[in-house]
Amino acid sequence: NNLISVITPAEKNENYLNIALESLKKQTYTNFEVLILHSDISALKEVVDDVYLDDDRYTFVETPAEVNVGAARNAGIEEAKGDYIYFLDSDDYISENMLQLLSDNIGEFPMIRGRMKSTDFSSSSVIILPGTNKIKMYSNRRYNLIRNNSAINFLISKEVLDRTKLRFSEEFKTYSDLTFMLPLLEEIQMVPYVYEAIYFRRRRNDPINHPSLRQSPVEQLTHDLFGIYNQLRTEDLSEEAQRFLDNKLLNFYRKRLVVEFKDDSTIDQYFDGLVESIRKIDPERLENKDFILKNDVRAIKSNKKSTFRKLSNFHHLLRDIKRGIASKKGRKELLYKRVFKNMDFKDNLVVFESFQGKSYSDSPKYIYQYMLENKKDYKFVWVMNKPVNIPGKPETVKRFSLKYYYYLARAKYVVSNVRMPNSYIKRDNQIYLQTWHGTPLKRLAGDMADVHMPGTNSARYKRNFNRETDKWDYLIAPNQYSSDIFRRAFWFNNTILQTGYPRNDILTNDNDSETIKRLKWRLYLPTNKKIILYAPTWRDDEYYKVGKYRFDLNLDLHRMKEKFGDEYIILLRMHYVVASNIDLTDLEGFAYDVSSYSDISELYLMSDMLITDYSSVFFDYANLRRPILFYTYDIEKYQGQLRGFYIDMEKELPGPLLMNNDDVIDAIENIDSVSEKYSDRYDAFYERFCSWDDGRSSEKVVDAVFEK
Ligand code: C2G
């Protein structure tokens, strides 16, 4: 029964440490000690659960501040009293049979490894696979076990370390595990791999604010990997180890560095380092590689920077062409990138887009209308997927059409209320005004803990989102609350226009019975009945496919019709990403589907009461000071699992939270007393969220952004 020393560096992972330690507490194999490394032990102990402080198997080892993880692990090795060493990272988790299985199966081998599984630690993902106690032997291909560049999840005989004096390099921040593992694997011919011992590696979800080491900037990774490569490559290594290292470098070059060279001025920064390392690569390694890589390598090896630069530019062109000819969209993007983007700006041209070209609406509409009246020198293009009549008859283009790309490249100004496609390249000196589309209730972008939308994961979502917000020159804030949130959640350092929402101008300027009557006529709505507007939001986890969300109507419209049909009609307004159709059988004359109506601000004006849920619509609607009800039948799921909220819905909203149809009917029936009850809260809410909306937001925005 051997003692195992678990080595766990905990710097910057304080929040996760208890979870890692819990997985040790649950081990069926109990003869272990844990060495926890951190630069401030007394602070760390504040957050560690008492059970571990009271258990003398857990030792806290103080390391100097700012040391690299390699140095922390070395400090752990120095303190280790065990017969074996096991590296567990403090943000990860191991199955409870881990130490048992590894120690049962290591036998005379100096080292053994468990299986890795990467997970976001959402409830269902930490499952242990039952099955046979299967073991696989790695010999020639044992270097594959460090494909992930990591020393974690190996049980390693301490005797080998004592004999070889192997330690981690302390000089490098990233990739330092290679400096330990590669020489170690050189000592060992065969490594068993245990299928059922599972190491759950945390997929980190915030590469912007809390990057893991692997998510470090490419400069850092390059510096470290090349440095380590140069060191290791001077040693006398086996053929397998050399191949492993060479391929690691070539793959890094291809996957990470080549994209950097799209902007050919970055070549200067990396070229000398490339020459030094690439020269060490065994020429054999290139035999089965593609000709682009071979050409690159040849130019690098002969240290011809200007040749390399030309080649690199040419290769990027080839890649663009290759990608371009594969699809219709690709061909347009190719022209966009390679032709249109090099043409001059049209200085007075503005491209407007609202909700991805789905409608003529929201703040872009009101900014446009103001410019149409007051900025005669400008020309306008609207992105519209379906033909509509727009005042001033601007040119319209379909999203992703050739003309769309053309104008996107040539317009000096771009105005949008949602994110632009990833393929949009913001040109130098182009001005991108992002209006955004609501005061946030649901947590946004960088503030989201985990992303539950289809087709992405948290890290990718945030990285793409951050790429987008980096392109914004101006962002409109409807109130101070949003301004503060936007700065943080969007990682936004450019100009915030604290002007209120252009889309709400009409709620101040046109709130009169004439306008309202005219709007109702236009929609063929009766003018002798009051209007309820039901405008819920979408659910991240209910969808048909990417971008097409499902919505199940939980409102009993038939009951409502029976009860309120003489006095009210109801307008049903689905969110623009919702693709479900609503069944209105037997509801004629009472319920109207206005989901495709372009401008919800006009629907607000017409409505005497709003029912919503977690949609930002209520922040805007409150400008009218009319009653608002919240039909929040799934608040627990929405707030808990999906998004989380910025404000306490129970305490701060200007109306009641209703959990079922009875509640809703009751509240409508007694709307006057409900309003009375919420009037103080409504005042406070209005003050906090609506006071910047003074009917002049469009004007203020235009004055700030457009020169002439
Ligand atoms: N909207 C609409 N009809 C609905 C819901 C929303 O027309 N039934 C419009 C409103 O203009 C609303 C905007 O879409 O303000 C944003 O909708 P939200 O439901 O708030 O949801 P989301 O698109 O996720 O944006 O900071 C705001 C958040 O990002 C919310």
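The chain is numbered in sequence order, starting from 1. Here the structure is a predicted model, which means the values were calculated and not measured. Note that ligands are numbered from 1 as they come in the structure, with each ligand's atoms numbered from 1 the same way.
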**Student:** Name all pairs fulfilling the salt bridge (charged side-chain N to carboxylate O under 4.0 Å, His left out) condition that reach into residues 349-370, sequence neighbours left out, sorted by first residue then second.
**Tutor:** E353-R399, D362-R503, K365-D599, K365-E602

**Student:** Taking only heavy atoms of V617 into account, list the atoms of ligand 1 that are under 4.0 Å away from them.
**Tutor:** 5 (C), 6 (C), 10 (C), 12 (C)

**Student:** Could you list the atoms of ligand 1 found under 4.0 angstrom from a heavy atom of R503?
**Tutor:** 11 (O), 15 (O)

**Student:** Flag yes if more than 12 heavy atoms outside E588 fall under 6.0 Å of its CD atom; otherwise flag no.
**Tutor:** yes

**Student:** Quick one: pull up OG1 in T537 and CG in L441 and give me the separation to the nearest 0.5 Å.
**Tutor:** 9.0 Å

**Student:** Which ligand 1 atoms does I600 reach within 4.0 Å, using its non-hydrogen atoms?
**Tutor:** 2 (C), 3 (N), 7 (O), 11 (O)

**Student:** Is the backbone N or O of A409 less than 3.5 Å from a side-chain atom of R427, with the two atoms forming a donor-acceptor pair by type?
**Tutor:** yes

**Student:** What do we get for L444 next to ligand 1 when only non-hydrogen atoms under 4.0 Å count, side chain, backbone, both or neither?
**Tutor:** side chain

**Student:** Evaluate the side-chain hydrogen bond (donor to acceptor under 3.5 Å, both in side chains) criterion for residues E542 and W538: first the C-alpha distance (whole Å), next the side-chain angles of each, then the deciding distance (0.1 Å), finally the verdict.
**Tutor:** CA-CA 8 Å; E542 296 178 24; W538 54 293; over 6 Å; no

**Student:** Going by the order shown, which atoms of ligand 1 are within less than 4.0 Å of some heavy atom of A535?
**Tutor:** 8 (N)

**Student:** Could you say whether the N/O atoms of Y614 and ligand 1 ever approach to under 3.5 Å?
**Tutor:** no

**Student:** P536 to ligand 1: N or O pair under 3.5 Å?
**Tutor:** yes

**Student:** Given M574, H575, R573, K358, which one has a non-hydrogen atom that is nearest to atom 7 (O) of ligand 1?
**Tutor:** R573

**Student:** Test of understanding: given a 4.0 Å heavy-atom threshold, classify the contact between D362 and ligand 1 as side chain, backbone, both, or neither.
**Tutor:** side chain

**Student:** For T537, counting its heavy atoms only, list the atoms of ligand 1 lying under 4.0 Å from any of them.
**Tutor:** 18 (P), 19 (O), 21 (O)

**Student:** So, does Y576 sit close enough to ligand 1 that a heavy atom of it is under 4.0 Å from the ligand?
**Tutor:** yes

**Student:** Ring centroids only, cut at 6.0 angstrom: are F618 and F630 within range, meaning strictly under it?
**Tutor:** yes

**Student:** Compare every heavy atom of S697 with every heavy atom of G500, then report the nearest pair and how far apart it is.
**Tutor:** C-OG, 3.4 Å

**Student:** Taking N or O atoms only and a 3.5 Å limit, does G438 qualify as a polar contact for ligand 1?
**Tutor:** yes

**Student:** Out of all atoms in ligand 1, which are within 4.0 Å of some heavy atom of K442? Include the element for each.
**Tutor:** 21 (O), 22 (P), 24 (O)

**Student:** May I ask you to check whether F492 and F486 place their ring centers less than 6.0 Å from one another?
**Tutor:** no

**Student:** Just jot down the ligand 1 atoms closer than 4.0 angstrom to any heavy atom of S616, in number order.
**Tutor:** 12 (C), 15 (O), 16 (C), 17 (O), 18 (P), 19 (O), 20 (O)

**Student:** Please say whether more than 12 non-hydrogen atoms of neighbouring residues, nucleotides or ligands are located less than 6.0 Å from CD in E395.
**Tutor:** yes

